[in-house]
Amino acid sequence: MTTPLSAILPPESLQSGVPGPLYVKLRQTLEDAITSGKLNYGDALPAERDLADHANVSRVTVRKAVDDLVKDGLLVRRHGSGTFVAKPVSKVQQSLSRLTSFTEDMARRGLTTRAEWLDRGLFHPSPDEMMMLGLPADALVARLGRLRIADSMPLAIERACISAEFLPDPLQVGDSLYSALEKRGCRPVRAVQRISAYNMKDPDASILGVPPGSAGLSIERVSYLRSGRVVEFTRSIYRGDAYDFVAELTLSET
């Protein structure tokens, strides 16, 4: 690192009248140094002792601020080497106004996608799946669990459930589930999607390559045929540091 410590951590940054704990101010100051380019990918963070002495705060305060930045993926600790600025993650945006598959959405952005299968097969439905898909207990469902990857970055874990009536052989699904459903004349035409905040837990965190506790998005999608029948019930976990959902809002005429 060649940037002077005084440029990364100017004295006035922690002396502002903005309310809040010192570690929050320190965390924000270090984050600003990373996002502004004062600290770049691969740069080593000064030692906790040096940061504490320069900012006139305790090492506990420094450690708490650094821990938060590691948790958020901005810094990475390397055993025996120190703490370094992590490789920046380019966020992917998906519109909430169109019903598309992951493969289609990434293709429109020019990204190369692939999937790693976590599991797939035919099973008897759980009570939750019976209720969501409107199935009797003696029906079968196709379950498909996939790690979705775009340009070599793991972005999401998708776990889809479809009645075996619509997908009798889940092994025939290639890159796109919706393409497989379209070939059988049962591609969904609308969906209801619920998005909520989620803190990553193992094993999902390990699969997605993020620390446990990292911010993520939990998404439930129920998709419908033109007839109104439910065709798909999917639960997904998306990386919060790499994925944004965007909705366009317009003023309704009354």
Side-chain angles (χ1 to χ4, degrees), residues 1-94 147 150 152-157 194-219 236-247:
M1 184 192 70
T2 58
T3 305
L5 188 54
S6 58
I8 297 170
L9 199 61
E12 65 273 11
S13 62
L14 300 183
Q15 306 303 323
S16 64
V18 179
L22 275 176
Y23 86 88
V24 173
K25 295 182 181 180
L26 178 59
R27 180 205 182 285
Q28 187 60 56
T29 301
L30 292 174
E31 182 176 353
D32 289 345
I34 295 170
T35 56
S36 67
K38 294 176 183 176
L39 285 172
N40 295 302
Y41 166 50
D43 283 348
L45 197 69
E48 286 184 1
R49 179 181 60 254
D50 294 338
L51 285 171
D53 290 345
H54 180 79
N56 195 27
V57 297
S58 70
R59 293 182 66 175
V60 172
T61 297
V62 173
R63 189 171 300 115
K64 174 65 173 171
V66 172
D67 284 346
D68 276 10
L69 292 171
V70 170
K71 182 178 178 181
D72 288 347
L74 293 175
L75 295 175
V76 59
R77 285 193 175 98
R78 297 175 186 163
H79 184 67
S81 299
T83 304
F84 298 83
V85 178
K87 184 177 181 179
V89 175
S90 297
K91 283 205 170 188
V92 175
Q93 292 187 349
Q94 178 179 334
L147 172 64
S152 302
M153 178 183 292
L155 288 182
I157 297 171
R194 182 184 299 273
I195 304 174
S196 57
Y198 175 77
N199 289 328
M200 293 286 184
K201 302 179 180 66
D202 277 331
D204 289 347
S206 296
I207 292 172
L208 288 170
V210 297
S214 298
L217 297 171
S218 173
I219 300 167
S236 303
I237 302 297
Y238 283 77
R239 285 178 53 161
D241 65 340
Y243 219 89
D244 280 335
F245 287 86
V246 179

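Taken from CG in Leu155 to OG in Ser236, the straight-line distance is 12.0 Å, to the nearest 0.5 Å. Separation of atoms CD1 (Ile207) and CD1 (Ile157) is listed at 4.0 Å; rounding is to 0.5 Å. Distance check, rounded to the nearest 0.5 Å: CG of Leu69 to CD of Glu31 gives 6.5 Å.
Listed by chain and residue number, Thr61 satisfy the side chain to side chain donor-acceptor pair (under 3.5 Å) test with Ser58 (two or more places apart in sequence, or in another chain). Looking at residues two or more places apart in sequence or on another chain, you find a side-chain contact (heavy atoms from CB on, under 4.5 Å) between Ser81 and Arg78, Phe84. Shown here are the side chain to side chain donor-acceptor pair (under 3.5 Å) partners of Asp204, two or more places apart in sequence or in another chain: Arg159. For Val85, the side-chain contact (heavy atoms from CB on, under 4.5 Å) test picks out Ile34, Leu39, Asp43, Leu75, with sequence neighbours left out. Taking the side-chain contact (heavy atoms from CB on, under 4.5 Å) definition, one finds that Ser206 meets it with Asp202, sequence neighbours left out. Every residue meeting the side chain to side chain donor-acceptor pair (under 3.5 Å) condition with Asp67, not counting sequence neighbours, appears here in chain and number order: Arg77. For Asp32, the side chain to side chain donor-acceptor pair (under 3.5 Å) criterion is met by Gln28, not counting sequence neighbours.
Listed for the Asn40 side chain is a donor-acceptor partner under 3.5 Å among the backbone atoms of Gly37. Distance alone, capped at 3.5 Å, places no donor-acceptor pair between the Arg239 side chain and the Val210 backbone.
Across every non-hydrogen atom of Tyr41 and Ala86, the tightest pair is CD1-C, 3.6 Å. The minimum heavy-atom distance between Asn199 and Ala215, with the atom names listed, is OD1-CA, 4.4 Å. In plain terms, the two heavy atoms of Pro211 and Met200 that are nearest each other are O-CB, 4.3 Å.
Considering only heavy atoms from C-beta on, Leu51 comes within 4.5 Å of Leu45 through its side chain.
Evaluation of the salt bridge (Lys or Arg N to Asp or Glu O under 4.0 Å) test over residues 49-61, restricted to residues two or more places apart or in two chains, returns none. Pairs engaging residues 207-216 under the salt bridge (Lys or Arg N to Asp or Glu O under 4.0 Å) rule: none recorded [sequence neighbours left out].
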